[in-house]
There are 2 protein chains.
Amino acid sequence: MKKIGLKDVANSAGVSISLVSYVLNGQAVQKKVKKETAKRIIEAANNLNYKPDLIAKSLKMSKTHSIGLIVADIDYRYTSGITKAIEEEAKRCNYTVIYGSSNERRDAFVELINVFTNRRVDGLIIIPVEGCEDQLHLLQGYGIPYVLVDRLFKNIDSSYIGLDNFQASYNATEYLIKLGHKKIFFCNYHTTLFHLQERNRGYKKALLDYKIKFKPDWLIEIPNIPEDRYENVTHGLNDVFEKKKECDAVFFASDNLAICGLKYFIEKQIRIPDDVSVMSFDEYDEFEIFYCSITHSRQPLKEMGTLAVKTLVNLIEKRGVGKHITLKADLVAGKSCKEGMISV
Amino acid sequence: MKKIGLKDVANSAGVSISLVSYVLNGQAVQKKVKKETAKRIIEAANNLNYKPDLIAKSLKMSKTHSIGLIVADIDYRYTSGITKAIEEEAKRCNYTVIYGSSNERRDAFVELINVFTNRRVDGLIIIPVEGCEDQLHLLQGYGIPYVLVDRLFKNIDSSYIGLDNFQASYNATEYLIKLGHKKIFFCNYHTTLFHLQERNRGYKKALLDYKIKFKPDWLIEIPNIPEDRYENVTHGLNDVFEKKKECDAVFFASDNLAICGLKYFIEKQIRIPDDVSVMSFDEYDEFEIFYCSITHSRQPLKEMGTLAVKTLVNLIEKRGVGKHITLKADLVAGKSCKEGMISV
DNA sequence: ATAAATTATTTAAACGTTTAAATTTTTTAT
DNA sequence: ATAAAAAATTTAAACGTTTAAATAATTTAT
């Protein structure tokens with residue numbers, strides 16, 4: 001079955017191609033098309049079940065109405081949440097999402113940037129990987145608008161939607177301190193990613209403000225390798241609990257780390273919150289099946305995704321200027337932090 | 001900065017556009033381009049940082065090298081797992097993924113089919129929604145190849161990658177029976193979706209084969225509305241546990257149902273497996289943070305995603321014929337099923 | 001030295017749209 | 001009845017590629 005094009009509709013309605021184009025694009029009155037002719041054209045289009053070829057349109061208009069989305073890993077709860085919001089908002093704004101995942105690998109990221117620009121996406125939403133600054137510079141050179149999500153590079157001037165990680169981390173730590181915790185461990189990835197470092201900073205600042213002296217071995221650093229995350233967390237926590245270091249609480253800097261930690265605690269029969277308090281950055285819905293609900297900070301994923309699209313579309317259509325938007329996290333109180341600890 | 005096209009490269013190298021096209025598409029020898037000329041062209045292309053316009057290419061070749069992926073909800077563990085595998089394999093096959101989510105709504109699904117076909121995707125991978133058979137027929141009419149994943153329609157002849165749901169459900173039920181369970185409840189969505197009905201069938205067949213008389217109130221049916229899933233599961237389980245019906249085990253037909261169930265059991269302080277055994281279809285990694293590991297059937301998500309792409313690409317390129325592939329689930333034994341029950 | 005064969009390169013049409021400019025038809029004014 | 005104005009429609013070029021066919025340049029055979 002041959003594809004139906006404007007030409008076919010034109011023939012069927014007995015008019016020229018351009019008239020069909022005008023009518024089907026809602027320019028009927030502006031171009032002074034006779035009512036009757038317009039009607040005939042529309043009927044013909046319907047009869048033939050005409051479908052515009054968006055590829056041809058894109059070529060002519062140098063506008064694809066598509067945005068590239070590059071995520072770091074769709075299996076992160078953060079990513080699927082934000083992806084969902086992005087797709088929904090994109091639909092609302094009449095854009096289609098072209099999807100790619102770097103899986104935290106630079107080479108895959110570079111490849112995606114390449115393919116997406118060749119595909120002439122109108123813009124990009126990017127959860128970047130470590131060490132991809134050069135690629136972002138490239139995009140700027142090409143004049144392709146993009147917005148970063150979650151992860152920020154200080155030395156790159158771009159639009160950005162993310163969390164106020166410093167504040168969120170500060171608040172979470174403060175929450176623990178106010179409950180009387182003193183020896184607060186912090187489990188984070190060892191990384192150059194700014195947003196994760198901000199969490200360190202928030203944690204340490206809270207300790208400082210409350211006159212708790214931070215001890216270097218309170219920081220449990222995990223290599224950022226998804227495959228053996230659990231082993232690494234186990235190793236880090238063993239270092240605390242096997243050696244019976246004094247520890248009131250462990251604050252996990254991400255949901256995935258927390259999951260590993262909780263698994264560890266179950267295995268070692270360490271009771272939450274009796275033996276140790278637990279705080280998590282980010283959440284899985286499934287936290288709710290832990291025997292005690294986990295206190296955690298919650299990011300407004302839906303809002304972030306929506307804002308990312310809105311900002312990008314603005315950049316694309318209004319040629320607006322880039323900006324940083326940082327949102328606040330909510331602290332969702334569970335039962336994983338011991339209350340009324342004796343202040344020593 | 002103006003976009004560099006073949007024309008610019010041609011000018012720079014002092015040759016015609018077609019020669020550039022030949023060389024850059026690896027047809028240099030076939031078209032007998034002089035070695036030296038070819039070299040000059042390649043250099044020019046590099047110098048100017050030429051990037052082919054894939055839109056123009058698509059138009060000319062009537063081939064977009066893109067596949068549409070329509071999921072039902074990216075927040076399902078099943079979906080993100082399979083999406084990950086699909087994107088990876090698509091990359092390997094030189095296809096880009098255009099992503100859309102129906103969020104289980106027919107109207108969104110229809111809209112996506114429309115946009116994707118207008119975008120001239122080469123094919124589609126679809127996790128369909130209830131009642132979208134007409135749309136699949138449309139696709140067949142257009143001659144656009146597609147493969148269904150997870151969910152199957154009996155009355156539609158299409159390629160399909162999914163699980164042997166009947167067998168998986170049968171095996172899980174059998175597992176419970178063999179541990180001595182008699183009163184086995186089954187919690188499933190109330191749905192017309194074939195793959196979920198197959199799970200019912202497997203459950204019932206196992207009971208039958210082991211001469212356990214199925215009682216209608218063992219089937220806990222949950223309306224398929226994500227928003228108030230928890231309330232509905234609670235309601236269903238209350239009907240069992242508040243009324244103190246005799247119940248050895250509850251078999252949840254999906255991971256999301258299981259999560260709700262586990263939450264309920266925690267709230268009501270019903271102990272697993274002491275008070276009741278739990279079996280789940282599908283898993284979340286986070287099952288591992290439940291106080292006892294949950295026995296469940298595991299679908300080979302990665303394999304499914306990979307196969308979906310392979311099958312589709314085959315359909316697209318080799319004009320191969322559609323086929324059904326059903327894979328087997330693994331039963332992952334946890335600690336949520338009581339052992340050595342007295343056979344009454 | 002010339003024709004034929006081979007090698008190398010260019011021309012031009014096409015893919016399905018959009019749209020400015022040109023043209024034809026109809027209406028209005030005289 | 002005719003000119004001018006307005007309304008309706010068509011023509012043709014363009015977007016950036018690919019590729020068959022035409023042409024030009026070089027080599028080989030006579």
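Numbers restart at 1 for each chain; the letters A, B, ... are given by sequence-line order, proteins then strands.
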Any [X] side-chain N or O less than 4.0 Å from OP1/OP2 of [N]:
X	N	result
A/Ser62	D/dC15	no
B/Tyr50	D/dT17	yes
B/Lys31	C/dA8	no
B/Lys7	D/dG16	no
A/Ser18	C/dT19	no
A/Lys32	D/dA7	yes
B/Thr37	C/dT9	yes

Rounded to whole angstroms, how far apart are [atom1] on [X] and [atom2] on [N]?
X	N	atom1	atom2	value
B/Lys34	C/dT10	NZ	P	11 Å
A/Gln30	D/dA8	CD	P	14 Å
B/Leu59	C/dA14	CG	C1'	9 Å
A/Leu6	D/dA12	CG	P	18 Å
B/Asn118	C/dG16	CG	P	14 Å
B/Ile41	D/dT17	CD1	C1'	15 Å
B/Met61	D/dT19	CE	C1'	9 Å
B/Asn11	D/dG16	CG	P	13 Å

Judged by atom type as modelled, is there a donor-acceptor pair below 3.5 Å linking the side chain of B/Glu89 to the main-chain atoms of B/Val309? no

Please answer whether the main-chain N or O of A/Leu163 pairs with a side-chain N or O of A/His195 as donor and acceptor at a distance below 3.5 Å. no

Counting side-chain heavy atoms from CB outward, which of C/dC15, C/dT9, D/dT10 is closest to B/Val33? C/dT9

The nucleotide from D/dT9, C/dT10, D/dT18 with an atom nearest the side chain of B/Leu19 is C/dT10

Hey, are the side chains of B/Lys63 and B/Glu317 touching, using non-hydrogen atoms and a 4.5 Å cut-off? yes

Answer with yes or no whether A/Tyr22 presents, from its side chain, a donor or acceptor under 3.5 Å of a partner atom in the base of D/dA7.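 Side chain to base: no pair below 3.5 Å.
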
Atom CZ of B/Arg105 with >12 non-hydrogen neighbours under 6.0 angstrom: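 For B/Arg105, atom CZ is not crowded (no more than 12 foreign heavy atoms under 6.0 Å).
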
Are more than 12 heavy atoms from other residues, nucleotides or ligands located less than 6.0 Å from atom CG of A/Asn47? yes

Residue that, paired with B/Ile126, satisfies side-chain contact (heavy atoms from CB on, under 4.5 Å) out of B/Leu69, B/Leu312, B/Leu148, B/Leu112: B/Leu148

Counting any heavy atom closer than 4.0 Å, what does [X] reach on the DNA or RNA strands: base, sugar-phosphate only, or nothing?
X	answer
A/Lys51	sugar-phosphate
B/Gln27	sugar-phosphate
A/Ile17	base

Could you pull out the closest heavy-atom pair between A/Ala85 and A/Thr306, with the gap in Å?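 So the two residues come closest at CB-N, 4.1 Å.
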
Between B/Lys60 and B/Arg120, which has a closest nucleotide on DNA chain C that is more 5'?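 So the residue in question is B/Lys60.
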
Between B/Asp75 and A/Ser80, does any side-chain donor sit less than 3.5 Å from a side-chain acceptor? yes

Would you mind reading off the bend of the helix from C/dA1-D/dT30 to C/dT30-D/dA1 from its two end axes, five pairs each, to 10 degrees?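 Between the first-five-pair axis and the last-five-pair axis there is 60°.
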
